[in-house]
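Report on one structure; see the data block that follows.
Order of appearance sets the numbers: ligands from 1, and atoms from 1 within every ligand.
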Amino acid sequence: MNSQEFREAAKAAIDDITKYYDNVGSQKVLSDVTPGYLRPLLPPSAPIKGESWEAIHADIESKILPGITHWASPRFMAFFPCSSSFPAALGEMYSNTFSGAHFNWICSPVVTELETIVMDWLAQAFGLPECYLSGGSTHGGGVIHGSASEAILTVMCAARDKYLAAVTKDLPDGEEKEETLWTYRSKLVALGSAGSHSSTKKAAQVLGVRFAAIPVTEEEGFSLTGAAVSKTVADLRSRGLHPFYLTATMGTTDVCAVDDFADIAEALAPTANTDQDIWVHVDAAYAGSALLLEENQTLTPPMAHFHSFNFNPHKWLLTTFDCSAVWVRRRAWLIESLSIKPPYLRNQYSDNELVTDYRDWQIPLGRRFRSLKLWFVLRSYGIEGLQNHIRNGIALGESLQAKIESRPDLFTVFTPARFGLVTLRVKGTDEADINARTEALYESINGTGEFYLTSTVVNGKFAIRVCTGVERVREEHVQQLFDEFVARTKINVNSK
Ligand code: PLP
């Protein structure tokens with residue numbers, strides 16, 4: 001494809017993409033293909049000779065679109081959203097144009113410098129404590145990773161090495177210290193709550209450390225408390241184990257619970273006579289975007305006592321996948337754990353410590369120019385535009401909650417609307433009956449393909465999750481969903 005052919009193909013592609021977004025609301029949200037649908041539609045091996053763009057383009061409509069689940073649809077209320085927006089799409093186009101591995105500052109200075117600036121802008125807009133700013137008093141700062149799972153694995157790795165360095169700091173270097181380090185390694189425990197996303201457990205699995213989930217209760221709104229953390233830490237220590245890391249969550253995946261940060265900070269306050277400082281990471285993958293609203297910024301002061309924080313602009317902040325923003329209170333923790341200096345990566349700027357090399361803040365070496373799309377989004381919408389988007393998602397969740405509460409004969413709100421996520425259950429005679437009826441309603445709604453919802457089971461209770469964070473969701477879609485709930489619940493009850 002030469003540049004003239006590219007120009008024509010790209011213009012046509014933009015028309016296609018615009019049409020897709022204009023019509024996405026009228027498509028069935030769920031794809032109805034069956035597993036393995038694609039293989040019979042494609043040749044058994046790659047073409048030997050190049051094909052025309054016309055041939056390739058035609059396959060978008062006939063082969064690709066049928067297998068797409070429409071995450072941009074206003075009737076996509078499953079999981080948490082995965083954003084897209086026109087400014088972010090343009091950012092991706094330019095980022096692809098400047099394709100490179102961008103691991104050191106010298107590899108494209110703007111990739112590093114824009115990232116640092118945009119991360120500072122966001123930290124300020126969120127009201128994060130100043131220790132997370134690149135120019136803050138503790139030399140912290142932000143970096144963009146691909147996913148929250150990657151962020152959690154990375155900070156857990158830094159937490160492990162920080163902990164091991166602290167508990168062995170008085171031992172002279174040598175074989176004995178090495179042996180002691182390995183003994184400690186076998187006793188490390190990463191903690192999360194029962195509501196923490198599975199990525200914390202997976203990170204522990206990858207790093208070869210133990211994992212313990214701290215229970216949460218319905219009475220406490222499924223929020224992790226300082227008392228529960230203290231109890232687990234004391235139990236583990238009494239068994240000779242070393243808890244070294246905790247994920248605290250703002251907006252758990254199942255019910256959007258927010259852990260009690262102030263209480264946890266108090267419970268884990270380091271004392272002068274211990275090296276056993278537990279790294280606390282706040283995972284705000286979805287709900288973190290709500291920190292743009294001043295009324296939620298009361299959550300951030302305790303984070304000055306924690307070690308790191310992440311949220312995914314690709315979930316709720318209109319920035320195309322992938323983009324996970326991570327901040328640490330002291331960047332040296334990441335660098336000490338992850339820095340590598342083979343001769344082929346050296347250059348005068350890095351050697352003289354004049355620049356940030358983000359390769360030392362992450363697990364992969366190469367990195368994408370992700371800050372460009374985030375910069376475009378922040379500038380196109382402005383903080384106010386983004387606040388309006390977040391407020392819309394929150395208000396629609398509250399609207400659905402009010403509708404559910406208007407039919408106490410049919411439903412109960414399991415957890416109230418928090419950051420655009422409501423969970424509900426169908427009324428029934430006992431727990432088993434409620435679970436069965438709720439699951440039947442859930443299957444029935446998803447079976448139509450018109451709405452896409454997800455469910456959860458918390459402490460044995462089956463609940464339907466509805467998330468109203470997708471940008472195109474409006475009151476009419478929430479009303480339609482509620483009408484479906486009512487109609488299908490009546491059918492279920494009558495048919496029993
Ligand atoms: N943390 C929370 C609270 C989540 O809800 C999710 C996914 O929904 C994740 C982490 C994992 O996100 P990612 O797909 O970016 O790894």
In residues 419-426, what donor-acceptor pairs under 3.5 Å come from side-chain atoms, sequence neighbours left out?
{"residue": "Thr423", "atom": "OG1", "partner": "Thr415", "partner atom": "N", "Å": "2.9"}
{"residue": "Thr423", "atom": "OG1", "partner": "Thr415", "partner atom": "OG1", "Å": "2.4"}
{"residue": "Arg425", "atom": "NE", "partner": "Phe462", "partner atom": "O", "Å": "2.9"}
{"residue": "Arg425", "atom": "NH1", "partner": "Glu431", "partner atom": "OE1", "Å": "3.2"}
{"residue": "Arg425", "atom": "NH2", "partner": "Glu431", "partner atom": "OE1", "Å": "3.0"}
{"residue": "Arg425", "atom": "NH2", "partner": "Asn435", "partner atom": "OD1", "Å": "2.5"}

Protein neighbours of ligand 1 with a heavy atom under 4.0 Å, given by chain and number, are Phe80, Ser147, Ala148, Ser149, His197, Ser199, Gly251, Thr253, Asp283, Ala285, Asn312, His314, Lys315
Only one of Trp361, Trp279, Trp327 forms a ring-ring contact (aromatic ring centres under 6.0 Å, His included) with Trp333, so which one is it?
Trp279
For this output row, return yes or no: ring centroids of Phe414 and Phe222 closer than 6.0 angstrom.
yes
How are the rings of Phe80 and Tyr286 set relative to one another: parallel (under 30°), tilted (30 to 60°) or perpendicular (over 60°)?
parallel
Output field: ring centroids Tyr381/His389 closer than 6.0 Å:
no
More than 12 heavy atoms of other groups within 6.0 Å of Glu295 CD
yes
